[in-house]
Amino acid sequence: MNKYLAISIACFAFLCVLSPAQSRATEALAVPTGKVVLTVGGQVTLPNAGKVTTFDMAMLDALPQVTMVTHTPWDGSAVVTFRGPLIRDILAAAGASGTKARVIALNDYAVMIPASDFNEDGVILATKRNGQRMAIRDKGPLWVIYPLADRPDLDVYGTYAKMAWQVKAIDVE
Amino acid sequence: MTRNWRIRIPAPLWFATLGFLGAAFVSVYEITLRQKETFESFRTGAWAVVQLDSEAGRLENAIMGHYADPLIVPTDDIDLAVDLLYSRFPVVLEGQRNSGMRRVNGMVDLILQAQSAMQPVEVQIARIKAGEPNTLPAVTEALRQLREPVRSAVRLGIALDQETFEPRLRDGQIGFVLDIGFVVLTGGFMVSIAIRQSRRSQRLGELAQIAAEAADMARGRLVDALNAISEAFVYFGPDGRLVMANDRFRQLHQDLGPMMQIGLDYPTFTQEIVERGLVKLDGPAEDWILERIAASAEPQASFEMEMPGGRIVLVNERRTREGGLVSVRTDVTEITRARELLAKRLHAMEASLNGIALVDPDGQVIYANLAFATIHEYARPDDLIGQPWRQFWDPAEAMRIEREILPTVGREGTWFGETRGQRAKGGVFPQETSLTRTSDGGLALAVDDISERKRAELESAVLREQFFNAQKLEAIGRLAGGIAHDFNNILAAVNGYANMLIEDLPANSETQGFARSILAAGERAKGLIREILAFSRTEKTERTTIRLNGLVDETLSMLRATLPTTIRLDIHLADASPLVKANATQISQVLMNLCVNARDAIDERGKSDGAIRITSSVVPIDGGCAEGLASGSGNGVDASILRIDGDPDADATRIWIGRLSPGPHVLLSVRDNGIGMPAEVMERIFDPFFSTKEVGKGTGLGLAAVHGIVTQHDGAITIESRIGEGTAFHIFLPVAVDRSETPPAPLPKARPAARSATILVVDDEEMVATMIARSLERLGYEVVCTTTPEEALEAFTENPNAFDIVITDQTMPGMSGVDLGRTMLAMRPSLPVILCTGYSDSATETSARASGIAAFISKPARPSELALEVERLLAVA
């Protein structure tokens, strides 16, 4: 009985933690004050610039941050520490909902990612690499990062294609 | 042993092969994978290069756009384009998934060239931003410098992709197949080599196993073989420790028990043997042990060892090449005993009285014992060695042995029989011979000189014959006694009736002369019967003084009838007829025997002018006369031959038998001109039953009787004979000293009965009874004649006093004369009984006299004699 009680309490606590974000997400986002680095378009319910929701780097930093330590196919054998918000949090902040999202890079490279990846795999949109902001020349400023180190099943060619860098927009469909 | 000929690949080899194949496959796969990755990364890289080119194009467009309308295309776009272009360089140069591209020859150089071309471009962009005029040519040139290598890289990548990498990929697949094939082939080759090696090693292993099994089997066989031999075998290794001992050895040393184990060392073994008493020692044990150990170091000769229980073991020790000690122990107890036995036998052979010799297959003597040498008159047995066997037999006998006996020996292995051996000095002797084939094809001879035995056998045969003859003689005597009884009865009748004829016939008439002759012959026959009886009873016969000439005449007159007319008789008798004290019948017998022998000698010679000369004379014997018949000891009764004197030149032989006392002797000679006789015959002529005559013609007793008679009469005999000319017998008899003795007075003539008397006559011979009765009746007596004792007894019992005298025969069926007389005397003791006996028997006479028999008359009773006795008894009564 104590076990169930403990689980119930844990669930309650979790909901309590989530509830302010949830409540905040329902609120209209502020207009970015800095340079817009990300535009979330498509089925967005909380737009802040027309039909899209735009984010500056501060807005993204305001979202809950996740640190992810992993290797990538672009860094050789080196292990790199990425940090940034979960994409699902970004989409939630934009009030976006859909089954998939088109992630578009600065050079117009685009890749379709199913929404389940964001909800289940904990994919982040990294804003920092090894604690540093990423320049465009270094695949910045935003980079879709999958937890390759923690999830070997994801460490495959298909995943690499979805790990777009120089991300500038996400269109939710 | 099961031998698996299937190839068996050892597990490690399998693993190695599999490992190798796996590794090969993995490496090929990896290579292929890497290659594929290379191709993949090349393609990715080519894409990255294309992107680089498009970014370069974006930059050029941005710059050119800015030139066209700075409002539409701000410098930020140019900066973004620059940043984007810059961000592509690391992707191409460092991106993991683009590594294939970088391996393309010249690719990296082109990219680096493009990267380095960025600096002039940025300089020109800075000039544009600064608003410097007339920058277009330089910008265009800078951009051209940038795009040129990028486009070249793109071209290179595409060209490679189309012309090189695709075929190479294709080739790579073929190469993969080839590589796999090569790997498989190489692997297969290696595996086949490995399998072959494995097979070889397996075969070698199997061979080694087979060899090991064979060696094991061989060793097993060796052990089996060593266990099978009758000798005890033991092997101490070079380290002096027991390696092997066969069953026989263990059996022989079973008292050692568990000690006999592999590893037992020789000194301990030796010591144990001594301590457990497995060897009989003469001296101290320590000495023996030390001696054995020392000797085993350098074993030389074999030695014999006596074990308890008397077993003798021959120990033979040798060192093996590697220094081990092999000891073979043979139980030689039997051999030793056999050897001893052999020695004893040899000794016995040496000592044997039988001659023993061994002959080799070549027929030469290789061994002879002393007896063999002695029998054959050799000094030493060694003298015979090497001599041919034939030498020991008479040549003819040797031939017989070779032709007849040796084949038998060859067939049956042995032969036993009599042969004639030959001595070294030439004598031939009879021998018993045993010939046995020896295993080497030679002969074993055993001979026994039987000449002595033969002689003895001959003598014993003679003695046996004599014995048989004596028995025969005795039988003849008994027979003669029986015949004499009957013959006497006949003579009694003949003589009785002859007497009656003489009395009745006219005196001096011719017929009365005949009757006298019958009577004389009858009397002689009576004498002869008496002699036969005397001979059969070996009683000394009665001797009287007789005139020899008369006796000779009388004998010859009887003899003449038996001699053939072709033989002339010359008779020259001494003028004065000498007297001799002798038994007339015997002397007559001597003369008759000599004359019969003379006749036979003449017959044998087959001469028609045969003559027998009979002479008598008187010769004095004084010691030097009578041709060597010297006076000897007393009466000189000596049957042995005194001397034989052979005269080879003249073929004359003389023999002297008997000894004579000095004094006058009558010499009676009988000389014939017959065949004569050799010394050998003469030597034996007086032996009883010796006869040269055919069986049935002579008894061999004639001359023996002559000899006996002459020596009984103190006489002697000499014989001289010449082969082919004749023989002379000379009989010497002493001249009778008592010259006064007169010839017996003729019996007084029976006179007529003085008084009347009745006489009972009993004789089972009716003829005799009748004759007696008639002669007594003629004298005037009354006679009752009966032929059986029962009849006589009946007549007597009827009236015992009716008879004055009883005359009875002794031998009658049913009752003897003595018994009859005794019965009658019991009834009438004063009865005179006259007993007539067929032959004189002192026992009968004694018992008869005791029974009261009054008188005896010898049969055949002469009627006159009987009449005189009757007259005398009647006178007494």
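Chain A is the first sequence line, chain B the second, and so forth, proteins listed ahead of strands; every chain is numbered from 1. Every value quoted in this text rests on a predicted model; they were computed, and no experiment measured them.
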Next item on the list: Can you establish whether the number of heavy atoms outside A/Arg137 located under 6.0 Å from its atom CZ is more than 12?
Entry: yes

Checklist line | Cationic N near anionic O, under 4.0 Å, B/Arg58 to A/Asp108 | finding: yes

Note to self: Other residues, nucleotides and ligands only: do more than 12 of their heavy atoms fall within 6.0 Å of NZ on A/Lys162?
What the structure shows: yes

Checklist line | Ionic contact status for B/Glu94 with A/Lys139, cut-off 4.0 Å | finding: no

Checklist line | Heavy-atom closest pair, residues A/Ile136 and B/Asp83 | finding: CG2-CB, 3.3 Å

Check: To the nearest 0.5 Å, what is the distance between OG (B/Ser87) and CG (A/Leu106)?
Finding: 8.0 Å

